Trainee: 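What follows is a structure written as structure tokens; I'll ask about it next.
Computed over heavy atoms, backbone and side chain alike; hydrogens, waters and symmetry mates excluded. A quick note: this is a predicted structure, and the numbers were derived from the prediction, not measured.
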Amino acid sequence: MEAVIANRPVEVNEQGYLLDMNQWDKEIARGIALEEGIELTDRHFEVLNYLRKEQESGTALSIRRVGKSGVVDIKEFYALFPEGPLKKASRIAGIPKPASCI
Amino acid sequence: MKNLLILGAGSAGTMMANHLSKKMSLKSWNITIVDQFDKHYYQPGFLFLPFDVYKEQDVYRERTDYLPDNVNYVQKAIDIIKPEINQVVLADGTILKYDLLIIATGSQIAPGEVEGMQGSEWYKSVFDFYTFEGSRNLRDKLRGWKGGDMVIHITEMPIKCPVAPLEFAFLADWYFHEKGIRDKVNIYYVTPLDGAFTKPVASSKLGHLLEEKGINIVPDFAIAKVDNENKKIVSWDDKEVAFDLLVTIPTNMGDDVIAKSGMGDDLNFVPTNKHTLQSSNFENVFVIGDATNVPASKAGSVAHFQAEVLTDNILRYIEGEPLKEDFDGHANCFVETGYGKAMLIDFNYTTQPVPGNFPFAGVGPMKLLKENKVNHWGKLGFRWVYWNMLMKGYSIPFITAQMQKAGKELEEEKLETV
Ligand SMILES: Cc1cc2nc3c(=O)[nH]c(=O)nc-3n(C[C@H](O)[C@H](O)[C@H](O)COP(=O)(O)OP(=O)(O)OC[C@H]3O[C@@H](n4cnc5c(N)ncnc54)[C@H](O)[C@@H]3O)c2cc1C
């Protein structure tokens, strides 16, 4: 379905995750973050860029793995994206929600 | 003579040995397959062993009974792969040279990744069921268990057979009911994801099952440690879930040999082209089954569909023809729901599980994303299919390597007809 984020039409799924990660930019990220109640700083963007890079190389993400990445430790990850950091950060990064097959 | 070497003789390696020994010219190619253990486990059976549905001898066979005679079988541990010089070194120092390599070393549990998981309660009140030992020990525990809080827990994705923990919860509900102690057992399902069902159609169609069966969901739980002393699991944001019996799915990782060879990602899965199954870094190395990093489910049925595509691509590679990008992520899995019923799901990289009929549109007899008894017999019959058809490299009638859209209630199709 179509949604308007940062005054731009983008394709999202039922849960508001971008369908095409290439429609993402910093403005879109800020728009989604606002819906999640988060104001983005440079530090947030470092993490978001890392997540996008991992997604592009096909890696499945988990909180433990993000914590081992050297980009951010788990405590800070929770501080930046409180309550469910991986699903929130993924949405703001314009990548799919971590999911199972069913 | 040229050498084709297959590492791992589990589901995927065994299928490839059977396919290729029939299709390659054995006048110019030697086929060798290596595995460390004499027993080939039927891993889907590990779900049933704890509940005394299967006996121990139902879940394994002699590995060599399923390998063709015209393939050399070496039973040794693999130490390291040296892809730059086309060699594999075994644990006893033997060097195997190859022209073409197929990696099929699967994935294993790595409980050591979480603090305390393999602590003092391991195999006392903390169990896995993804290994033969874990599944058997859990059976012994359940036989004498009088009830309490049973916590079924997933550490992190990806895991092989992603529906197995949910099936375990459904079967546990049924098992305790039959034993007459269901009222003494609380079942919790603890997941790092935002629910037990994470795909939109499945969650809307199946969410009710959990409530009906009295299974409590604890979502968004990223485990930091197992507290053995106080018998609870603790998350990174300090949530706690107490257990009397913890059934956990530890982190799943590719084999250590992949890490040692510098060929894997941080979970030791080998970067692989998701449509051709050629390794991303070495053109004469192909990867199949749970060992790859492709975003398909890690399941025996997936390995079966991959094997058909990979067989073609190996033959094409040998002939110098371009590889076919034919693997679409197709998976076809039965989901046991307890009380003699099961569901069937059929999906691929781009199509989520949806309702419908399978394999014949409008007819069935299997039902997609819906419980019935026929599906349950399908699930139990899968063991026969596994040993007698999949492992021998036969196709299952009417089920193609690529997912079929016919028979599925897909939203796009609905839109087109209105
Ligand atoms: C509880 C459970 C339930 C499941 N249920 C289903 C189901 O219902 N349907 C379904 O389709 N799938 C199911 N699966 C998944 C299925 O079993 C796997 O996806 C499948 O076995 C993968 O095949 P594979 O060949 O890639 O790996 P495996 O079959 O695990 O084979 C890997 C082989 O490599 C060998 N190996 C690894 N490292 C080395 C080394 N260093 N040296 C020598 N040998 C080595 C191992 O000994 C092993 O034999 C289930 C799995 C589990 C655990």
Side-chain angles (χ1 to χ4, degrees), chain A residues 1-3 11-21 35-38 47 50-92 95-102, chain B residues 113-114 154-159 161-163 165-166 191-206 219-224 235-238 251-252 265-267 269 271-274 280 292-299 302 329 331 333 335 343 345 347-348 352-353 369:
Chain A
M1 64 179 88
E2 206 179 81
E11 283 293 315
V12 296
N13 73 6
E14 294 88 334
Q15 291 153 328
Y17 286 73
L18 291 197
L19 292 181
D20 176 2
M21 68 184 283
E35 291 175 18
E36 296 279 2
I38 298 172
V47 176
Y50 157 75
L51 294 177
R52 288 177 60 81
K53 214 175 76 222
E54 291 295 285
Q55 171 68 24
E56 262 169 0
S57 64
T59 313
L61 289 158
S62 79
I63 288 186
R64 194 186 61 88
R65 231 158 315 135
V66 173
K68 280 174 78 177
S69 65
V71 175
V72 59
D73 64 23
I74 295 180
K75 240 181 111 194
E76 192 190 356
F77 193 35
Y78 271 94
L80 291 169
F81 304 94
E83 295 156 44
L86 191 57
K87 67 175 183 188
K88 275 194 187 170
S90 297
R91 186 168 165 231
I92 300 169
I95 64 176
K97 183 184 79 170
S100 181
C101 64
I102 181 171
Chain B
E113 293 292 309
V114 172
I154 301 169
T155 302
E156 63 180 316
M157 302 302 288
I159 56 172
C161 197
V163 288
L166 198 54
T191 167
L193 302 172
D194 64 355
F197 298 104
T198 56
K199 297 281 173 170
V201 177
S203 41
S204 75
K205 301 266 176 214
L206 304 173
D220 296 317
F221 190 97
I223 190 168
S235 73
W236 290 103
D237 52 346
D238 300 319
T251 300
N252 281 206
D265 61 17
D266 54 4
L267 285 177
F269 294 125
T272 305
N273 181 302
K274 71 177 188 175
S280 307
T292 75
N293 77 335
V294 306
S297 279
K298 296 193 184 297
V302 174
C333 301
V335 184
M343 298 183 291
I345 51 177
F347 57 98
N348 69 8
Q352 64 172 316
L369 212 59

Trainee: If I measure from the heavy atoms of chain A, does B:L206 come under 4.5 Å with its side chain, its backbone, both, or neither?
Mentor: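 The answer is the side chain of B:L206.
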
Trainee: Considering only heavy atoms, which portion of B:T191 lies under 4.5 Å from any heavy atom of chain A: side chain, backbone, both, or neither?
Mentor: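 It is neither, since no heavy atom gets under 4.5 Å.
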
Trainee: Could you tell me which non-hydrogen atom of B:I345 sits nearest to which non-hydrogen atom of A:C101, and how far apart they are?
Mentor: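 For B:I345 versus A:C101, the nearest heavy atoms are CD1-SG, 4.3 Å.
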
Trainee: Using modelled atom types only, decide if a donor and an acceptor are shared between the side chain of A:S100 and the backbone of B:T198 within a distance under 3.5 Å.
Mentor: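 Such a contact is absent between A:S100 side chain and B:T198 backbone.
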
Trainee: Could you tell me which non-hydrogen atom of A:I102 sits nearest to which non-hydrogen atom of B:A202, and how far apart they are?
Mentor: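 Looking at all heavy atoms of both residues, the shortest contact is CG1-CB, 3.6 Å.
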
Trainee: Output, in order, the C-alpha distance, side-chain angles, deciding distance and verdict of side-chain contact (heavy atoms from CB on, under 4.5 Å) for A:E83 and B:D220.
Mentor: CA-CA 8 Å; A:E83 295 156 44; B:D220 296 317; over 6 Å; no

Trainee: What part of B:P192 lies closer than 4.5 angstrom to a heavy atom of chain A: side chain, backbone, both or neither?
Mentor: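 Contact with chain A is absent: no heavy atom of B:P192 under 4.5 Å.
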
Trainee: Pick one of side chain, backbone, both or neither for A:S57, based on which atoms fall under 4.5 Å of a heavy atom in chain B.
Mentor: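 Backbone of A:S57 only, per the 4.5 Å heavy-atom cut-off to chain B.
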
Trainee: Might you point out which heavy atoms bring A:R65 and B:M157 nearest each other, and give the distance in Å?
Mentor: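 Reported closest heavy-atom pair: NH2-O, 2.8 Å.
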
Trainee: If you measure from OG1 on B:T155 to CD1 on A:I63, what distance do you get to the nearest 0.5 Å?
Mentor: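 Going from OG1 on B:T155 over to CD1 on A:I63, the span is 12.5 Å.
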
Trainee: How would you list, by chain and number, every residue that makes a ring pair (Phe, Tyr, Trp, His ring centres under 6.0 Å) with A:F77, sequence neighbours excluded?
Mentor: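 Residues passing ring pair (Phe, Tyr, Trp, His ring centres under 6.0 Å) with A:F77: A:F81.
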
Trainee: Quick check on B:L267 against chain A: is it the side chain, the backbone, both or neither that has a heavy atom closer than 4.5 Å?
Mentor: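 For B:L267, side-chain heavy atoms alone lie under 4.5 Å from chain A.
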
Trainee: Does any heavy atom of chain A fall under 4.5 Å from the side chain of B:F197, the backbone, both, or neither of them?
Mentor: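 Both parts, backbone and side chain.
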
Trainee: Looking only at non-hydrogen atoms, find the nearest pair between A:P98 and B:L193 and report the distance.
Mentor: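 Closest approach of A:P98 to B:L193, heavy atoms only: O-CD2, 3.4 Å.
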
Trainee: To the nearest 0.5 Å, what is the distance between NZ (A:K68) and CG (B:D266)?
Mentor: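 Going from the NZ atom of A:K68 to the CG atom of B:D266 covers 7.0 Å.
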
Trainee: Could you check whether B:D194 pairs with A:K97 (Lys NZ or Arg NE/NH1/NH2 to Asp/Glu carboxylate O, under 4.0 Å)?
Mentor: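 Salt bridge present between B:D194 and A:K97.
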
Trainee: Answer with side chain, backbone, both or neither: which region of A:K75 has an atom nearer than 4.5 Å to a non-hydrogen atom of chain B?
Mentor: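 Neither; nothing under 4.5 Å.
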
Trainee: Nearest 0.5 Å please: distance from the CD atom of A:E14 over to the OG atom of B:S204.
Mentor: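 It is 9.0 Å, given to the nearest 0.5 Å.
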
